[in-house]
Structure formats: structure tokens, C-alpha cells
Amino acid sequence: MTDFTHFNEHGRAKMVDISDKKETARKAIARSSIQMKRIVYENITEQKNKKGDVLSVAQVAGIMAAKQTSTLIPMCHPIPISGVDLSFEWANIENDTYELMINAEVKTVGSTGVEMEALTAASVTALTVYDMCKAVDKGMIIGQTYLLEKSGGKSGNFKRCNN
């Protein structure tokens with residue numbers, strides 16, 4: 001079991017010790033999406049949703065999620081977040097189907113990366129859009145969630161091809 005980083009010598013879960021890792025500037029960008037009917041798209045873009053400004057609330061939820069990642073994912077270290085930025089882009093993928101692309105960028109200076117924080121932020125942002133719009137369309141589809149890029153740290157940089 002000693003080959004596994006998250007298990008101790010007794011085969012029990014442990015949090016990896018990062019105390020000897022060098023602090024560096026780190027950044028991660030993750031993406032998620034949510035598909036919806038035209039009526040939901042129009043409610044969001046025309047500010048007609050009964051629960052309020054969907055994208056503003058979802059943006060705040062994503063920021064909060066990034067800051068709370070270590071309370072949700074057991075082996076994540078609590079880290080000081082330097083910044084979180086969520087951005088949105090719309091695509092009309094069929095006549096009556098729209099897709100909201102969500103990008104979450106998270107930064108820190110520390111001993112471990114922020115990939116999980118970015119992925120959590122993107123996921124919770126999509127979930128919040130669903131929650132705020134489900135009264136109009138329960139059939140919305142939350143799409144794939146994945147890391148677009150990361151920089152900093154021992155493992156170096158990563159950039160997904162074919163974003």
C-alpha cells in the first residue's frame with residue numbers, strides 16, 4: 001500500500017503531506033456547461049427569472065464553492081484562494097436548445113494546486129443555474145466538467161487540446 005499517496009502503511013486513508021512542497025503561483029481553469037430550452041435561455045438573458053438574476057447568483061455560488069472545496073472533497077487541502085473568476089458564454093446548439101458554457105478560473109500562491117477548486121466552482125455554478133431554473137425546465141442537462149488548463153507546481157503546466 002505504500003505506493004498509494006492517499007493511504008498510510010495500514011491501508012487507511014490519509015491526507016498527503018505537502019509541508020515540504022515549494023510555494024508557487026498556481027492557476028487552474030475548469031469548464032462545465034448546462035443545456036436548456038429556449039424559454040429558460042430567454043428568462044436568463046432577459047432577466048425574467050422569478051428567482052432573480054440567475055448568472056449573478058450562480059457566479060457567487062461558484063466563488064463560494066471554490067472557497068469550500070476542502071470541506072466537500074475529503075483529501076483536498078484547505079488553501080488560501082487568491083482569486084476566482086467565473087465567465088459565461090452562450091451557444092445555440094439547435095433551434096430551441098441553448099448551452100451555457102461556464103469557465104471557472106482559480107488562483108493561489110501555495111504548496112498545492114487549485115484544480116479541484118476550479119472544477120468544484122464550475123460544477124456548483126452549473127448546479128445553481130439548474131436550481132434557479134428548474135421550475136421552468138426540469139429537463140436541463142448539465143454537461144461534461146473538465147480541466148482546461150493549469151499552471152504552477154512540480155508537475156508543470158497542462159493545457160487541454162480541442163477545448
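Heavy-atom basis, side chains included; hydrogens, waters and symmetry copies ignored.
- For the side-chain contact (heavy atoms from CB on, under 4.5 Å) with C133, the qualifying choice from N43, I34, N49 is N49, the only one to do so.
- Side-chain atoms of I93 and Q35, non-hydrogen and from C-beta on, do get closer than 4.5 Å to each other.
- In terms of heavy atoms, A121 sits closest to L86 at O-CD2, 4.1 Å.
- A side-chain donor from one of S33 and E99 sits under 3.5 Å from a side-chain acceptor of the other.
- In this structure L127 satisfies the side chain to side chain contact (heavy atoms under 4.5 Å, CB included) test together with I142, sequence neighbours excluded.
- I44 has its side chain within reach of V129: a pair of non-hydrogen atoms, C-beta onward, lies under 4.5 Å apart.
- Between W90 and Y41, the ring planes are perpendicular. Angles over 60° get that label, and only those under 30° would be called parallel.
- For the pair A104 and A122, the tightest heavy-atom approach, listed with the atom from each and the gap, is CB-N, 3.8 Å.
- Judged by distance alone, with hydrogens and angles left aside, the side-chain atoms of Y130 form a donor-acceptor pair with the main-chain N or O of K138 at under 3.5 Å.
- Contact check for E149 versus N157: no side-chain heavy atoms found under the 4.5 Å cut-off.
- Between the CD atom in E23 and the OG atom in S111 there is a gap of 4.5 Å [rounded to 0.5 Å].
- Contact record, V84 with A66: CG2-CB, 3.8 Å, taken as the closest heavy-atom pair.
- In this structure, T112 and I79 have side chains that are in contact, with non-hydrogen atoms separated by less than 4.5 Å.
- Side-chain heavy atoms closer than 4.5 Å link hydrophobic residues (I, L, V, M, F, W, Y) into clusters, and following such links, even through other members, never connects I29 to F88.
- One finds the CE atom of M75 at 12.5 Å from the OG atom of S70 (value rounded to the nearest 0.5 Å).
- T97 places no side-chain N or O within 3.5 Å of a backbone atom of E94 that could act as its donor or acceptor partner.
- Applying the under-4.5 Å side-chain rule to Ile, Leu, Val, Met, Phe, Trp and Tyr, the cluster around V60 extends to M64.
- Looking at K107 and R26, their side chains never come closer than 4.5 Å, going by heavy atoms from C-beta outward.
- The shortest heavy-atom contact between T125 and G62 is OG1-CA, 3.3 Å.
- Proximity of a side-chain donor or acceptor of K51 to a complementary backbone N or O of D131 within less than 3.5 Å is detected.
- Between Q47 and D53, the closest side-chain pair of non-hydrogen atoms falls below 4.5 Å.
- Taking the side chain as every heavy atom from C-beta outward, M140 and V40 approach each other to under 4.5 Å.
- Formation of a donor-acceptor pair under 3.5 Å by the T71 side chain with backbone atoms of Q68 is found in this model.
- Summarising the geometry, atom CD1 belonging to I102 is positioned 5.0 Å from atom OG belonging to S32; distances are rounded to the nearest 0.5 Å.
- Think of M116 as one node in a network of Ile, Leu, Val, Met, Phe, Trp and Tyr side chains linked at under 4.5 Å; its network also takes in L72, I73, L119.
- Distance alone, capped at 3.5 Å, is enough to place a donor-acceptor pair between the R160 side chain and the L147 backbone.
- Inter-residue side-chain proximity for Q59 and L55 is flagged as unmet; no heavy-atom pair is nearer than 4.5 Å.
- Atom OG of S56 and atom CE of M132 lie 9.0 Å apart (nearest 0.5 Å).
- Between the side chain of T108 and the backbone N or O of P80 there is at least one donor-acceptor pair closer than 3.5 Å.
- Using a 4.0 Å cut-off between a side-chain N of Lys or Arg and a carboxylate O of Asp or Glu, D137 and K134 do not qualify as a salt bridge.
- The environment of CD in E89 is sparse: at most 12 heavy-atom neighbours from other residues, nucleotides or ligands sit within 6.0 Å.
- Atom CD of E46 sits in a crowded spot, with more than 12 heavy atoms from other residues, nucleotides or ligands closer than 6.0 Å.
- Judged by distance alone, the side chain of K150 and the main-chain N or O of G152 form a donor-acceptor pair under 3.5 Å.
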- Item | Verdict with supporting geometry, R31 and M101, side-chain contact (heavy atoms from CB on, under 4.5 Å) | CA-CA 7 Å; R31 175 175 288 167; M101 303 303 294; 3.2 Å; yes
- Check the pair I81, V106 against side-chain contact (heavy atoms from CB on, under 4.5 Å), reporting the backbone distance first and the verdict last. CA-CA 7 Å; I81 302 290; V106 180; 3.8 Å; yes
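- Using modelled atom types, one finds a donor on one side chain and an acceptor on the other under 3.5 Å when comparing R38 with Y98.
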